[in-house]
*Asks:* 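One structure, pasted below without further comment.
Chain naming here is simple, since letters A, B, ... match the order of the sequence lines and numbering starts at 1 in each. Bear in mind that the values here come from a model prediction, so they are computed numbers and not experimental data.
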Amino acid sequence: QQPVQSPQAVILREGEDAVINCSSSKALYSVHWYRQKHGEAPVFLMILLKGGEQKGHDKISASFNEKKQQSSLYLTASQLSYSGTYFCGTGNSGGYQKVTFGTGTKLQVIP
Amino acid sequence: SQTIHQWPATLVQPVGSPLSLECTVEGTSNPNLYWYRQAAGRGLQLLFYSVGIGQISSEVPQNLSASRPQDRQFILSSKKLLLSDSGFYLCAWSLPNTEAFFGQGTRLTVV
(Lines give C-alpha, C1' and ligand atoms only; values in the text may rest on other atoms or scores of the structure.)
Protein backbone atom coordinates (compact mmCIF):
# COMPACT_ATOMS: atom_id res chain seq x y z
CA GLN A 1 0.00 0.00 0.00
CA GLN A 2 1.26 3.43 -0.97
CA PRO A 3 2.65 5.67 1.80
CA VAL A 4 0.94 9.00 2.28
CA GLN A 5 2.96 12.17 1.95
CA SER A 6 2.08 15.60 3.24
CA PRO A 7 1.92 18.32 2.23
CA GLN A 8 1.24 17.67 -1.45
CA ALA A 9 2.87 20.94 -2.41
CA VAL A 10 4.71 23.76 -0.70
CA ILE A 11 6.24 27.06 -1.76
CA LEU A 12 9.15 28.47 0.22
CA ARG A 13 11.27 31.56 0.03
CA GLU A 14 15.01 31.05 0.04
CA GLY A 15 16.26 30.52 3.57
CA GLU A 16 13.00 29.15 4.94
CA ASP A 17 12.60 25.70 6.44
CA ALA A 18 10.24 22.90 5.44
CA VAL A 19 9.13 19.53 6.72
CA ILE A 20 7.78 16.75 4.53
CA ASN A 21 6.01 13.88 6.20
CA CYS A 22 5.58 10.29 5.10
CA SER A 23 3.35 7.77 6.84
CA SER A 24 2.48 4.17 6.21
CA SER A 25 -0.29 1.86 7.34
CA LYS A 26 2.18 -1.04 7.37
CA ALA A 27 5.13 -1.83 9.60
CA LEU A 28 8.26 -0.43 8.04
CA TYR A 29 11.77 -1.74 7.69
CA SER A 30 13.19 1.12 5.71
CA VAL A 31 12.39 4.59 4.42
CA HIS A 32 14.02 5.99 1.30
CA TRP A 33 13.98 9.66 0.29
CA TYR A 34 14.52 10.89 -3.25
CA ARG A 35 14.29 14.21 -5.04
CA GLN A 36 13.23 14.49 -8.67
CA LYS A 37 13.61 17.51 -10.91
CA HIS A 38 11.07 17.87 -13.70
CA GLY A 39 11.75 15.42 -16.52
CA GLU A 40 14.75 13.91 -14.78
CA ALA A 41 15.45 10.74 -12.86
CA PRO A 42 14.97 10.68 -9.08
CA VAL A 43 18.14 11.28 -7.12
CA PHE A 44 18.82 9.47 -3.87
CA LEU A 45 18.93 11.61 -0.73
CA MET A 46 19.07 9.15 2.14
CA ILE A 47 17.87 5.84 3.50
CA LEU A 48 16.79 5.16 7.05
CA LEU A 49 16.66 1.63 8.35
CA LYS A 50 14.67 0.19 11.23
CA GLY A 51 16.57 0.70 14.42
CA GLY A 52 18.64 3.39 12.78
CA GLU A 53 19.23 6.93 13.82
CA GLN A 54 18.26 10.23 12.33
CA LYS A 55 20.34 10.98 9.28
CA GLY A 56 21.33 14.06 7.43
CA HIS A 57 23.80 15.75 5.22
CA ASP A 58 24.31 19.39 4.55
CA LYS A 59 20.99 21.03 5.46
CA ILE A 60 18.74 18.08 4.74
CA SER A 61 17.98 15.54 7.43
CA ALA A 62 15.38 12.89 8.13
CA SER A 63 13.93 10.97 11.02
CA PHE A 64 12.23 7.58 11.23
CA ASN A 65 9.67 6.75 13.91
CA GLU A 66 9.15 3.01 13.68
CA LYS A 67 6.33 2.87 16.20
CA LYS A 68 4.31 5.51 14.41
CA GLN A 69 5.36 4.13 11.00
CA GLN A 70 6.33 7.63 9.96
CA SER A 71 9.29 9.48 8.57
CA SER A 72 9.93 13.18 8.16
CA LEU A 73 12.35 15.01 5.88
CA TYR A 74 13.68 18.33 7.18
CA LEU A 75 14.97 20.99 4.83
CA THR A 76 16.63 23.91 6.56
CA ALA A 77 17.67 27.25 5.09
CA SER A 78 16.26 26.19 1.73
CA GLN A 79 18.10 26.99 -1.47
CA LEU A 80 16.76 27.40 -5.00
CA SER A 81 18.37 24.05 -5.86
CA TYR A 82 16.05 22.31 -3.41
CA SER A 83 13.10 22.77 -5.76
CA GLY A 84 11.65 19.55 -7.09
CA THR A 85 9.36 16.73 -6.12
CA TYR A 86 10.30 14.72 -3.06
CA PHE A 87 9.33 11.08 -2.81
CA CYS A 88 9.45 8.80 0.15
CA GLY A 89 9.66 5.10 -0.45
CA THR A 90 8.84 2.55 2.21
CA GLY A 91 10.15 -0.97 2.42
CA ASN A 92 8.94 -3.77 4.61
CA SER A 93 11.98 -5.99 4.22
CA GLY A 94 15.71 -5.56 4.09
CA GLY A 95 17.19 -4.27 0.91
CA TYR A 96 15.67 -2.33 -1.93
CA GLN A 97 12.95 -4.77 -2.83
CA LYS A 98 9.32 -3.86 -3.18
CA VAL A 99 9.88 -0.34 -2.08
CA THR A 100 6.58 1.47 -2.50
CA PHE A 101 6.68 5.18 -3.24
CA GLY A 102 4.30 7.90 -2.14
CA THR A 103 2.73 10.32 -4.60
CA GLY A 104 5.32 12.97 -3.88
CA THR A 105 5.56 16.46 -2.43
CA LYS A 106 6.21 19.25 -4.89
CA LEU A 107 8.48 21.84 -3.35
CA GLN A 108 9.23 25.17 -4.98
CA VAL A 109 11.80 27.56 -3.57
CA ILE A 110 11.51 31.13 -4.80
CA PRO A 111 13.96 34.03 -4.41
CA SER B 1 32.17 3.48 -10.97
CA GLN B 2 28.71 2.18 -11.69
CA THR B 3 26.54 3.60 -14.44
CA ILE B 4 23.11 2.82 -15.76
CA HIS B 5 22.05 3.35 -19.35
CA GLN B 6 18.48 3.49 -20.50
CA TRP B 7 17.21 4.10 -24.00
CA PRO B 8 15.57 5.57 -25.90
CA ALA B 9 15.00 8.86 -24.08
CA THR B 10 11.72 9.56 -25.85
CA LEU B 11 9.42 7.38 -27.88
CA VAL B 12 6.15 7.93 -29.70
CA GLN B 13 4.35 4.75 -30.66
CA PRO B 14 0.92 4.06 -32.16
CA VAL B 15 -1.67 2.06 -30.28
CA GLY B 16 -1.28 -1.65 -30.94
CA SER B 17 2.42 -1.48 -31.77
CA PRO B 18 5.07 -3.43 -29.83
CA LEU B 19 7.45 -1.94 -27.30
CA SER B 20 10.98 -2.71 -26.21
CA LEU B 21 12.87 -0.58 -23.72
CA GLU B 22 16.36 -1.56 -22.70
CA CYS B 23 18.39 -0.88 -19.61
CA THR B 24 21.99 -1.89 -18.89
CA VAL B 25 24.16 -1.44 -15.84
CA GLU B 26 27.94 -1.20 -15.82
CA GLY B 27 30.46 -1.52 -13.04
CA THR B 28 28.66 -3.94 -10.74
CA SER B 29 27.67 -7.59 -10.64
CA ASN B 30 24.37 -9.26 -9.83
CA PRO B 31 22.43 -6.08 -9.14
CA ASN B 32 18.76 -5.98 -8.32
CA LEU B 33 17.00 -4.38 -11.29
CA TYR B 34 13.69 -2.54 -11.40
CA TRP B 35 11.24 -0.98 -13.83
CA TYR B 36 9.08 1.86 -12.59
CA ARG B 37 6.40 3.86 -14.34
CA GLN B 38 5.49 7.41 -13.52
CA ALA B 39 2.27 8.83 -14.90
CA ALA B 40 2.09 12.61 -15.28
CA GLY B 41 2.11 14.24 -11.85
CA ARG B 42 2.00 10.90 -10.10
CA GLY B 43 4.28 8.81 -7.95
CA LEU B 44 6.58 5.98 -8.91
CA GLN B 45 4.81 2.71 -9.54
CA LEU B 46 6.96 -0.41 -9.33
CA LEU B 47 6.23 -2.61 -12.33
CA PHE B 48 8.86 -5.35 -12.19
CA TYR B 49 11.92 -6.25 -10.23
CA SER B 50 14.58 -8.87 -10.69
CA VAL B 51 17.15 -10.32 -8.32
CA GLY B 52 18.91 -12.45 -10.94
CA ILE B 53 19.00 -13.68 -14.53
CA GLY B 54 15.61 -14.99 -15.55
CA GLN B 55 14.06 -14.09 -12.18
CA ILE B 56 11.30 -11.56 -12.67
CA SER B 57 8.64 -10.49 -10.19
CA SER B 58 5.63 -8.61 -11.45
CA GLU B 59 4.01 -6.12 -9.14
CA VAL B 60 1.07 -4.99 -11.21
CA PRO B 61 -0.90 -7.09 -13.71
CA GLN B 62 -0.81 -5.22 -16.97
CA ASN B 63 -0.02 -5.13 -20.62
CA LEU B 64 3.74 -5.23 -20.05
CA SER B 65 6.37 -7.87 -19.46
CA ALA B 66 10.03 -7.82 -18.44
CA SER B 67 13.00 -10.02 -19.12
CA ARG B 68 16.55 -10.26 -17.85
CA PRO B 69 18.57 -12.14 -20.44
CA GLN B 70 21.93 -11.15 -18.94
CA ASP B 71 23.11 -10.20 -15.48
CA ARG B 72 23.15 -6.48 -16.15
CA GLN B 73 20.47 -6.17 -18.81
CA PHE B 74 16.79 -5.55 -18.16
CA ILE B 75 14.19 -5.24 -20.90
CA LEU B 76 10.61 -3.97 -20.72
CA SER B 77 8.31 -5.16 -23.48
CA SER B 78 4.78 -5.09 -24.75
CA LYS B 79 3.21 -6.91 -27.66
CA LYS B 80 0.47 -4.33 -28.18
CA LEU B 81 0.59 -0.89 -26.62
CA LEU B 82 -2.48 0.77 -25.12
CA LEU B 83 -3.07 4.50 -24.68
CA SER B 84 -2.85 3.95 -20.93
CA ASP B 85 0.74 2.73 -21.31
CA SER B 86 1.91 6.30 -21.85
CA GLY B 87 4.18 7.59 -19.14
CA PHE B 88 7.73 8.04 -17.92
CA TYR B 89 9.50 4.70 -17.54
CA LEU B 90 12.46 4.44 -15.23
CA CYS B 91 14.93 1.65 -14.82
CA ALA B 92 16.85 1.38 -11.57
CA TRP B 93 19.45 -0.83 -9.95
CA SER B 94 20.56 -1.52 -6.43
CA LEU B 95 22.58 -3.93 -4.36
CA PRO B 96 20.97 -5.63 -1.37
CA ASN B 97 20.33 -3.21 1.48
CA THR B 98 21.42 -0.16 -0.50
CA GLU B 99 19.71 2.70 -2.21
CA ALA B 100 18.56 2.54 -5.81
CA PHE B 101 20.10 4.44 -8.70
CA PHE B 102 17.82 5.44 -11.52
CA GLY B 103 18.42 5.73 -15.24
CA GLN B 104 17.46 8.90 -17.07
CA GLY B 105 14.09 7.49 -18.08
CA THR B 106 12.12 6.99 -21.28
CA ARG B 107 9.16 9.21 -21.99
CA LEU B 108 6.67 7.05 -23.87
CA THR B 109 3.69 8.56 -25.65
CA VAL B 110 1.18 6.18 -27.18
CA VAL B 111 -0.92 7.82 -29.86
Side-chain angles (χ1 to χ4, degrees), chain A residues 1-9 20 22-24 28-52 55 57 60 62 64 71 73 84-108, chain B residues 1-11 21 23 25 28 30-52 55-60 66 68 74 87-109:
Chain A
Q1 204 159 10
Q2 198 172 31
V4 177
Q5 286 184 235
S6 62
Q8 290 184 328
I20 299 172
C22 174
S23 63
S24 173
L28 300 178
Y29 178 88
S30 61
V31 178
H32 310 241
W33 286 98
Y34 289 79
R35 176 172 61 211
Q36 184 182 32
K37 304 275 187 180
H38 182 69
E40 299 179 6
V43 173
F44 172 75
L45 294 176
M46 64 190 74
I47 182 173
L48 298 99
L49 301 178
K50 184 177 180 180
K55 282 194 175 182
H57 59 85
I60 300 176
F64 180 17
S71 177
L73 185 72
T85 300
Y86 289 78
F87 290 100
C88 76
T90 55
N92 56 4
S93 64
Y96 194 79
Q97 295 185 24
K98 292 189 179 180
V99 172
T100 305
F101 284 95
T103 52
T105 295
K106 189 171 183 179
L107 185 141
Q108 183 181 2
Chain B
S1 63
Q2 302 91 352
T3 56
I4 179 169
H5 302 280
Q6 187 181 342
W7 66 93
T10 59
L11 191 60
L21 302 181
C23 172
V25 180
T28 188
N30 197 30
N32 293 340
L33 296 172
Y34 313 85
W35 279 110
Y36 284 86
R37 177 171 58 199
Q38 188 174 30
R42 302 290 297 277
L44 296 160
Q45 181 185 34
L46 179 61
L47 301 176
F48 301 95
Y49 73 96
S50 171
V51 298
Q55 300 177 62
I56 311 293
S57 295
S58 173
E59 290 299 300
V60 182
R68 184 171 178 172
F74 206 23
F88 191 44
Y89 288 83
L90 289 156
C91 179
W93 75 272
S94 76
L95 295 175
N97 296 312
T98 70
E99 68 273 23
F101 298 93
F102 287 83
Q104 291 305 300
T106 295
R107 187 159 303 281
L108 172 67
T109 304

*Asks:* Count the heavy atoms of every other residue, nucleotide or ligand shown that sit under 6.0 Å from CD of A/Q8, and state whether that count exceeds 12.
*Replies:*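 No, not enclosed.
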*Asks:* Answer with side chain, backbone, both or neither: which region of B/Q38 has an atom nearer than 4.5 Å to a non-hydrogen atom of chain A?
*Replies:*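 Side chain of B/Q38 only, per the 4.5 Å heavy-atom cut-off to chain A.
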*Asks:* Where is the tightest heavy-atom contact between B/G103 and A/A41, given as atom of each residue plus distance?
*Replies:*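 Closest heavy-atom pair between B/G103 and A/A41: O-CB, 2.8 Å.
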*Asks:* Would you call the rings of B/F101 and A/F44 parallel, tilted or perpendicular, taking 30° and 60° as the class edges?
*Replies:*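 Plane angle between 30° and 60°, so tilted.
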*Asks:* Indicate whether the side chain of A/Q2 and that of B/Q45 have a donor and an acceptor atom separated by less than 3.5 Å.
*Replies:*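 Short answer, no.
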*Asks:* With a 4.5 angstrom heavy-atom cut-off, could you sort out which part of B/L44 is near chain A: side chain, backbone, both or neither?
*Replies:*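 Both parts, heavy atoms under 4.5 Å.
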*Asks:* For A/G39 and B/R107, work out which heavy atoms get closest and say how close.
*Replies:*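 Result for this residue pair: CA-NH2, 3.9 Å.
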*Asks:* Does any heavy atom of chain B fall under 4.5 Å from the side chain of A/Q36, the backbone, both, or neither of them?
*Replies:*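 A/Q36 touches chain B through side-chain heavy atoms alone.
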*Asks:* So do the side chains of B/Y36 and A/F101 get within less than 4.5 Å of each other, counting heavy atoms only?
*Replies:*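 Yes, their side chains come closer than 4.5 Å.
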*Asks:* Indicate yes or no: at least one non-hydrogen side-chain atom of B/F102 is less than 4.5 angstrom from one of A/E40.
*Replies:*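 The answer is no, as the side chains (C-beta and beyond) never meet within the 4.5 Å cut-off.
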*Asks:* Calculate, to the nearest 0.5 Å, the distance between atoms CG and CD belonging to A/L45 and B/E99 respectively.
*Replies:*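 Those atoms lie 10.5 Å apart.
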